[in-house]
Peer 1: 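Mind looking over this structure? Questions follow.
What's counted below: heavy atoms across the whole structure, side chains too, no hydrogens, waters or symmetry copies.
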Amino acid sequence: MYCIPGLFHFNTKMPSDPETGEMRGMFTLVTRGANDVMRQIHNSGDNAFRMPLFLPKEMEMEWL
């Protein structure tokens, strides 16, 4: 198992769907520059040469 840091947010003041009041959360992953292997795979688009940040085991609880 591994830990990828990210952020999650609900905007309670502005529902995603004003008719139903449904609130959809927003989520983002923390990324870093791609390593040599990932640079060969993920090399186009808006986020070229990026990859998720994987936290070392000793930092998982600190992030949470």
Side-chain angles (χ1 to χ4, degrees):
M1 189 182 308
Y2 51 86
C3 182
I4 299 174
L7 301 170
F8 188 75
H9 174 71
F10 275 107
N11 184 350
T12 57
K13 297 184 192 301
M14 185 183 304
S16 301
D17 186 338
E19 286 185 28
T20 65
E22 177 185 10
M23 292 185 302
R24 296 184 194 129
M26 294 179 282
F27 185 81
T28 185
L29 296 177
V30 177
T31 63
R32 56 165 276 185
N35 62 25
D36 291 338
V37 173
M38 288 303 294
R39 286 183 72 80
Q40 302 300 312
I41 299 167
H42 193 233
N43 56 15
S44 64
D46 293 341
N47 294 306
F49 308 118
R50 304 291 300 163
M51 65 180 271
L53 175 67
F54 294 91
L55 290 179
K57 190 76 173 162
E58 58 273 5
M59 292 184 72
E60 290 176 4
M61 292 311 293
E62 188 174 339
W63 173 260
L64 294 174

Peer 1: Same cluster or not: are M26 and V30 linked, directly or through other Ile, Leu, Val, Met, Phe, Trp or Tyr residues, by side-chain heavy atoms under 4.5 angstrom apart?
Peer 2: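 M26 and V30: separate clusters.
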Peer 1: Set out, in order, the CA-CA distance, both residues' side-chain angles and the distance that settles side chain to side chain contact (heavy atoms under 4.5 Å, CB included) for F27 and L7, then state yes or no.
Peer 2: CA-CA 6 Å; F27 185 81; L7 301 170; over 6 Å; no
Peer 1: Where does the angle between the aromatic ring planes of F54 and Y2 fall among parallel (under 30°), tilted (30 to 60°) and perpendicular (over 60°)?
Peer 2: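 Plane angle over 60°, so perpendicular.
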Peer 1: Mind checking the CZ-CD spacing from R24 to E22? Nearest 0.5 Å is all I need.
Peer 2: 4.5 Å
Peer 1: Is M61 reachable from W63 through a run of I, L, V, M, F, W or Y residues, each pair having side-chain heavy atoms under 4.5 Å apart?
Peer 2: yes
Peer 1: When hydrophobic residues are tied together by side-chain contacts of less than 4.5 Å, even through go-betweens, does F8 share a cluster with L64?
Peer 2: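 Cluster IDs for F8 and L64 differ.
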Peer 1: For the residue pair M51 and T31, establish whether any side-chain heavy-atom pair is separated by less than 4.5 Å.
Peer 2: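 A side-chain contact under 4.5 Å is absent here.
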Peer 1: Give me each pair satisfying salt bridge (charged side-chain N to carboxylate O under 4.0 Å, His left out) with a member in residues 25-39, each pair once, sequence neighbours excluded.
Peer 2: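 Not a single pair qualifies under salt bridge (charged side-chain N to carboxylate O under 4.0 Å, His left out).
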Peer 1: State, with a plain yes or no, whether a side-chain heavy atom of E60 is found less than 4.5 Å away from one of E58.
Peer 2: no
Peer 1: Between F10 and L29, is there a shared hydrophobic cluster once you connect ILVMFWY residues whose side-chain heavy atoms come closer than 4.5 Å?
Peer 2: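 Same cluster: F10 reaches L29 through Ile, Leu, Val, Met, Phe, Trp or Tyr contacts under 4.5 Å.
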Peer 1: Keeping H42 on the side-chain end and R50 on the backbone end, is there a donor-acceptor pair under 3.5 Å?
Peer 2: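 Flag set: sc H42 to bb R50 pair under 3.5 Å.
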Peer 1: For the residue pair L53 and P5, what are the closest heavy atoms and their distance?
Peer 2: O-CD, 3.0 Å
